[in-house]
Amino acid sequence: MAKKGLKGLDWIVKIILVIIYDIYGILRRLTSGSVAGILVGIIQIFTFNIFGIMWLIDLITVLLKKEVTVLA
């Protein structure tokens, strides 16, 4: 059965998308459906991942838990 959405991506693909400007983290937040998640995603786009802090947090969470969990 086919996996759907961003959660269905392989772990290595998630890591690659996080390394490349945190595309995975931004998309997870924008598609989360919560107002806070959408606002954080938009802020990330315009502040270069809040000056790299969110990029590092997302990279660590994907490496350890295989999913973006902070503010998503």
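Note: hydrogens, waters and symmetry copies are ignored here, and every other heavy atom, side chains too, is used. This is a predicted model, so every value here is computed, not measured.
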- prompt: So, are Asp58 and Arg29 salt-bridged, with charged N and O less than 4.0 Å apart?
  reply: yes

Side-chain heavy atoms of Glu67 within contact of Thr61, under 4.5 Å: no

- prompt: Is there a path from Ile20 to Ile45 through hydrophobic residues (I, L, V, M, F, W, Y) whose side chains come within less than 4.5 Å of each other?
  reply: no

query: Taking C-beta and beyond as the side chain, do Tyr24 and Val13 meet within less than 4.5 Å on heavy atoms?
result: no

- prompt: In terms of hydrophobic clustering (I, L, V, M, F, W, Y; side-chain heavy atoms under 4.5 Å; direct or indirect links), are Ile50 and Phe46 co-clustered?
  reply: no

- prompt: Trp11 versus Ile16: any side-chain heavy-atom pair under 4.5 Å?
  reply: no

task: Drop me the distance from Leu59's CG to Asp22's CG, to the nearest 0.5 angstrom.
output: 8.5 Å

task: Check side-chain contact (heavy atoms from CB on, under 4.5 Å) between Tyr21 and all other residues, then give those that pass, not counting sequence neighbours.
output: Ile26, Phe48, Asn49

Non-neighbouring partners of Ile53 that pass side-chain contact (heavy atoms from CB on, under 4.5 Å), sequence neighbours left out: Ile57

message: Just to verify, what does Ile38 make a side-chain contact (heavy atoms from CB on, under 4.5 Å) with, not counting sequence neighbours?
response: Leu30, Ile42

query: Any side-chain heavy atom of Lys65 sitting closer than 4.5 Å to one from Val70?
result: no

query: Once you round to the nearest 0.5 Å, how far does NZ of Lys66 lie from CG of Leu9?
result: 14.0 Å

statement: Note: Gly37 and Ser32 closest approach over all heavy atoms is CA-OG, 3.8 Å

message: Is there a continuous path of hydrophobic side-chain contacts, each under 4.5 Å between heavy atoms, that joins Ile12 to Ile19?
response: yes

